[in-house]
Amino acid sequence: DLAGDERGQWDVTAAHAWIDADSKLLRLSTDVRAARALPDGSRDVRIATDSLTADLDANTLTTAAPVVVEQPGSILR
């Protein structure tokens with residue numbers, strides 16, 4: 001799980017992962033999928049991409065790869 005907030009935590013899977021020695025930078029690759037459901041279950045958000053870098057100090061996610069974001073009533077590519 002990536003750190004969440006009042007909206008819930010993210011469950012993230014990938015075929016490959018690397019984390020730096022300081023546990024501050026996480027690189028995920030190949031079939032990266034992230035999903036979050038709000039505590040009340042009202043909005044389920046899913047993200048899919050081929051690579052993703054998480055800066056755990058800055059609490060940010062970045063990628064140069066195409067990303068698909070799905071939530072109820074919407075798919076962004």
Side-chain angles (χ1 to χ4, degrees):
D1 291 340
L2 287 177
D5 55 21
E6 69 278 357
R7 296 172 289 184
Q9 288 191 328
W10 289 91
D11 292 319
V12 182
T13 61
H16 305 282
W18 172 89
I19 192 161
D20 73 340
D22 296 326
S23 299
K24 295 180 179 184
L25 190 65
L26 173 66
R27 291 190 182 130
L28 303 170
S29 61
T30 311
D31 197 25
V32 180
R33 301 199 179 268
R36 179 179 72 182
L38 296 178
D40 67 3
S42 65
R43 277 187 159 298
D44 180 34
V45 178
R46 293 179 303 278
I47 297 171
T49 187
D50 285 329
S51 67
L52 192 66
T53 299
D55 182 328
L56 303 177
D57 274 349
N59 203 25
T60 59
L61 300 173
T62 58
T63 186
V67 177
V68 176
V69 179
E70 295 181 59
Q71 58 186 17
S74 174
I75 298 176
L76 303 171
R77 297 182 190 267

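We number each residue from 1, following the sequence as shown. Values in this document were obtained by computation on a predicted structure and should not be read as measured data.
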Rounded to the nearest 0.5 Å, what separates atom [atom1] in [X] from atom [atom2] in [Y]?
X	Y	atom1	atom2	result
R46	D11	CZ	CG	13.0 Å
D55	D20	CG	CG	9.0 Å
I19	L25	CD1	CG	8.0 Å
L28	H16	CG	NE2	11.0 Å

Non-hydrogen atoms of [X] and [Y] that approach each other most closely:
X	Y	answer
A17	L26	CB-CD1, 4.4 Å
P66	T49	O-OG1, 2.8 Å
D50	A65	N-CB, 4.4 Å
L56	S23	CD1-O, 3.6 Å

From the options T53, T63, L52, select the one residue that forms a side chain to side chain contact (heavy atoms under 4.5 Å, CB included) with R27.
->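 It is T53, the one option of T53, T63, L52 that forms the side chain to side chain contact (heavy atoms under 4.5 Å, CB included) with R27.
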
